[in-house]
Amino acid sequence: MSRKTKPPRSTPPRSVSSQQHCSVGDAPRVGRPLSLICGACGASGRYNVGTVTLDPTVAESPEQDTIAEGVGFTGYFRCRKCDAGGPWELPVDTLMRVTGLTILALSGKEDVPLVYGSAATFDGYTFRYATETEVHLKQLIDHEPERAFLWVRLGNFYSHCGQSKLAKKAYNRALELDRKDIEAHSMLGQLFVEEGRPLDAVPCFHAVLKHARDAQQVDKKLRRNLVRGAIESLLEAHAESQGEINLLPTMDPAELEKRGNEPSVVELREFDLASEEGINDLCDVFLPESHDSVGGLFRRIRSRMAKARANAAYSPDDWPTMPIRREALVVGRNDSCPCGSGRKYKKCCGR
């Protein structure tokens, strides 16, 4: 069934937090299933609807009977009888539930599973039901089947909807088209972690670090977040395996052969990965914007060597003879948090 892409509404979407844009994955979800009536076959049932959306242009209408026409859901579900993805009719109890959520949201209460606005995809396509998004993304893929970016968007959609099997198929297809797509690698690794398969996730996160410099088409902020997430996941896997899992990816011999006589620069550095600054420094190693040119890299190395020579110019007689003691409390990433929460430091105050 074909459907034309609808243009974005002239009224900008608004959320309960007064922001124009928010991620579907960050929005709270309705805690229990809601009763719905399938508009295609009339069958009723209870479904996990995800986050409720309410179109403000409909909600502000003086006709109260039209409010139900502006209600949408971000959860992915279909009618258990006819497999239709919508439209859905709201029985009285569900309409009362949505009305109550709307009142709480507009009163300023936080963590309400209702967004006062319209849900939209990356290209501005607005939708009421998640199944409409699925149809729209597949239509885009039909026009550009070899575009890995679209397969990643479809994978992200399935991942947000809890459809991990469908998400994996989409991410693997994206990697078949572009083996250096760091977002597909990262999201695939996260799915493995959520399934309790951290060993299968390690190659995915290694690939993120390995190809991050080549991912020039990825937004800088997203690229840094992907690199940082990969490092944190690898740190955890490295610690839990007692060092058996490599923290950083190794160089493929085939890649070295391709370089031929291309000169290489070896820089020896130490990173305090228990600190925020140390993790950020390690992220910079894999980000292209941190290495503007080979000449700039050489200048940084020469500057560090000059500082090292200046520090070595002092005579050992000038060095302090008293032992140096660390006064501050040292907390490892996997140690219990000193705040007393009972969680690991990296999962609590270390964030």
Side-chain angles (χ1 to χ4, degrees), residues 23 25-26 152 155-156 158-160 162-165 167-168 170-172 174-175 179-215 218-252 267-288 290 326 328-351:
S23 172
D26 296 336
V152 174
N156 289 347
Y158 284 134
S159 179
H160 286 310
Q163 305 294 320
S164 59
K165 290 184 179 180
K168 286 180 184 177
Y171 291 138
N172 285 324
L175 292 176
R179 66 182 183 87
K180 295 184 178 182
D181 193 306
I182 62 174
E183 188 175 1
H185 281 297
S186 177
M187 297 303 297
L188 195 59
Q190 291 181 34
L191 289 177
F192 285 133
V193 171
E194 292 173 1
E195 294 176 353
R197 300 165 56 187
L199 292 180
D200 293 331
V202 170
C204 300
F205 294 130
H206 278 165
V208 173
L209 301 183
K210 183 178 179 181
H211 302 304
R213 292 190 187 180
D214 298 327
V218 181
D219 177 75
K220 289 184 179 181
K221 184 177 180 180
L222 174 59
R223 185 167 57 224
R224 173 170 283 274
N225 289 339
L226 295 176
V227 169
R228 184 183 178 88
I231 290 175
E232 291 179 346
S233 298
L234 290 169
L235 274 171
E236 186 171 352
H238 178 75
E240 293 180 355
S241 67
Q242 302 296 322
E244 293 184 6
I245 294 178
N246 291 331
L247 173 60
L248 302 180
T250 56
M251 178 62 71
D252 187 354
E267 182 181 4
L268 301 180
R269 297 182 59 184
E270 292 184 356
F271 299 95
D272 180 12
L273 298 182
S275 67
E276 187 77 12
E277 182 180 4
I279 294 181
N280 287 332
D281 288 342
L282 184 57
C283 289
D284 290 339
V285 174
F286 299 98
L287 295 172
S290 302
R326 187 190 298 267
L329 175 64
V330 179
V331 183
R333 287 173 50 81
N334 291 301
D335 294 342
S336 298
C337 188
C339 73
S341 64
R343 293 181 294 177
K344 292 183 179 181
Y345 174 70
K346 64 182 179 183
K347 298 289 186 180
C348 189
C349 298
R351 300 181 75 88

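Partners of A174 under the side chain to side chain contact (heavy atoms under 4.5 Å, CB included) rule, at least two apart in sequence or in another chain, are A148, W151, V152, A184. A search for side chain to side chain contact (heavy atoms under 4.5 Å, CB included) contacts involving H238 returns L247, not counting sequence neighbours. By the side chain to side chain contact (heavy atoms under 4.5 Å, CB included) test, V218 is found to be paired with I182, A215, L222, R223, residues two or more places apart in sequence or in another chain being considered. Annotation: side chain to side chain donor-acceptor pair (under 3.5 Å) contacts of D200 (sequence neighbours excluded): R197. Scanning for side chain to side chain donor-acceptor pair (under 3.5 Å) contacts around E240 gives an empty result, with sequence neighbours left out. Residues satisfying the salt bridge (Lys or Arg N to Asp or Glu O under 4.0 Å) criterion with D219, sequence neighbours excluded, are absent altogether. The salt bridge (Lys or Arg N to Asp or Glu O under 4.0 Å) search around E194 returns none, not counting sequence neighbours. Evaluation of the side chain to side chain contact (heavy atoms under 4.5 Å, CB included) rule for A167 yields Y158, S159, Y171, L191 as partners, not counting sequence neighbours. Take E183 and apply the side chain to side chain donor-acceptor pair (under 3.5 Å) test, not counting sequence neighbours, and it matches R153, N156. Annotation: side chain to side chain donor-acceptor pair (under 3.5 Å) contacts of N172 (sequence neighbours excluded): none.
Here the straight-line distance linking atom CG of D181 with atom CG of D214 works out to 12.0 Å at 0.5 Å rounding. Once rounded to the nearest 0.5 Å, the distance linking CZ of F205 with CD of Q190 reads 5.5 Å. Taken to the nearest 0.5 Å, the CZ atom of R213 stands 12.5 Å off from the NZ atom of K180. A distance of 13.5 Å separates NZ in K210 from CG in L248, rounded to the nearest 0.5 Å.
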Between N280 and R224, does a side-chain contact (heavy atoms from CB on, under 4.5 Å) hold up when you go through it step by step?
CA-CA 9 Å; N280 287 332; R224 173 170 283 274; 4.1 Å; yes

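A heavy-atom distance below 4.5 Å is found between the side chains of L188 and L175. Annotation: side chain of K220 is not in contact with side chain of L287 (no heavy-atom distance under 4.5 Å). Counting heavy atoms from C-beta on, the side chains of L282 and R228 never come closer than 4.5 Å. Using a 4.5 Å cut-off on side-chain heavy atoms (C-beta onward), L199 and I245 make contact.
At least one donor-acceptor pair closer than 3.5 Å links the side chain of H185 to the backbone N or O of R179.
Minimum heavy-atom separation, V208 to S186: CG2-N, 3.7 Å.
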